[in-house]
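Here the structure is laid out as structure tokens; the discussion comes afterwards.
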Amino acid sequence: MFDSYLMLTFSEAIAHQLSSPYNFHIRIALDACWSFLEKRDKNGDELYALLDDSTDFGGLFIFMQLDDNESHVASWDNMTYAIATTAKAAYSFANKKEIPSPLENIDDSLIEIFIENLKEINSNFYEHVQDVKDFLARDQLPSKEEALKELERMGLLL
């Protein structure tokens, strides 16, 4: 779960700086993930549907393809990694063995890719990785509001 918290915390900063026509959908997905972490009131199917709603018209996987701004690629990647990691955690929490195939490849190495992407997205984010890790270790299982306050304190909500 630590990876979900780390990725979601940075995804808040990423979403805050991203100017995309799909920001509304990103916000819904991030809020749903936080809701799962805070209240356990979402399940893996609900979270995964925010990534892939089984149509050609919705879900963040479609929206990221429709966003033609090349500078947004790493941001989209990281936010979908955060949501996918949280969806997989929700499946695990419910002891579900069968999960959507895109989630099967999520493992501990994804956090390394996520952190490397932060360099490309905003070097200031990358420079604060240890600070965010320390915050998460200190304030185990923070709420979304606590994470946002910490990001603001660090100057990461631009």
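Rounded to the nearest 0.5 angstrom, L141 CG and L136 CG are separated by 9.0 Å. How far OH of Y91 is from OG1 of T86: 12.5 Å, rounded to the nearest 0.5 Å. Atoms CH2 and OH, from W76 and Y81 in turn, are 14.0 Å apart once rounded to the nearest 0.5 Å. Atoms CG and CD1, on L103 and I83 in that order, are 11.5 Å from each other to the nearest 0.5 Å. Note: D68 CG to S20 OG = 9.5 Å, rounded to the nearest 0.5 Å. Taking CG of L118 as the start and CD1 of I14 as the end, the distance is 5.5 Å to the nearest 0.5 Å.
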Going through the distances and angles, do I28 and F24 end up as a side-chain contact (heavy atoms from CB on, under 4.5 Å)?
CA-CA 6 Å; I28 288 171; F24 174 76; 3.2 Å; yes

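E150 meets the side-chain hydrogen bond (donor to acceptor under 3.5 Å, both in side chains) test with R153; sequence neighbours excluded. The side chain to side chain contact (heavy atoms under 4.5 Å, CB included) test applied to T55 returns D53, F57, not counting sequence neighbours. N117 meets the side-chain hydrogen bond (donor to acceptor under 3.5 Å, both in side chains) test with N78; sequence neighbours excluded. Partners of A49 according to the side chain to side chain contact (heavy atoms under 4.5 Å, CB included) rule, which considers only residues two or more places apart in sequence or in another chain, do not exist here. Every residue meeting the side chain to side chain contact (heavy atoms under 4.5 Å, CB included) condition with F61, not counting sequence neighbours, appears here in chain and number order: Y48, L51, D52, M64, T80. Listed by chain and residue number, K119 satisfy the side-chain hydrogen bond (donor to acceptor under 3.5 Å, both in side chains) test with E116 (two or more places apart in sequence, or in another chain). Partners of E127 according to the salt bridge (charged side-chain N to carboxylate O under 4.0 Å, His left out) rule, which considers only residues two or more places apart in sequence or in another chain, do not exist here. Contacts of K97 classified as side chain to side chain contact (heavy atoms under 4.5 Å, CB included), with partners at least two apart in sequence or in another chain: none. In terms of the side-chain hydrogen bond (donor to acceptor under 3.5 Å, both in side chains) criterion, residue partners of K144 (sequence neighbours excluded) are, by chain and number, D31. Under the rule for a salt bridge (charged side-chain N to carboxylate O under 4.0 Å, His left out), K149 has no partner lying at least two apart in sequence or in another chain.
Counting only residues at least two apart or on different chains, the salt bridge (charged side-chain N to carboxylate O under 4.0 Å, His left out) pairs with a member in residues 1-17 are E12-R27. Within the structure, the salt bridge (charged side-chain N to carboxylate O under 4.0 Å, His left out) test picks out no pair touching residues 71-92 (sequence neighbours left out).
Within a 6.0 Å radius of CD in Q130, more than 12 heavy atoms belonging to other residues, nucleotides or ligands are found. The environment of CG in D108 is sparse: at most 12 heavy-atom neighbours from other residues, nucleotides or ligands sit within 6.0 Å. For E98, the CD atom sits in a loose shell: 12 or fewer heavy atoms of surrounding residues, nucleotides or ligands are nearer than 6.0 Å. More than 12 heavy atoms of other residues, nucleotides or ligands sit less than 6.0 Å from atom CD of E146.
In the hydrophobic clustering of this structure, I121 groups with I113; members are Ile, Leu, Val, Met, Phe, Trp, Tyr whose side-chain heavy atoms approach within less than 4.5 Å, directly or through other members.
Proximity of S11 to F114: side-chain heavy atoms (C-beta onward) are separated by under 4.5 Å at one or more points. Side-chain contact between L151 and T9 is present, with at least one heavy-atom pair separated by less than 4.5 Å.
Ring geometry, F93 versus F36: the interplanar angle exceeds 60°, so the pair is classed perpendicular (tilted spans 30 to 60°).
Between the side chain of E46 and the backbone N or O of N43, at least one donor-acceptor pair lies under 3.5 Å.
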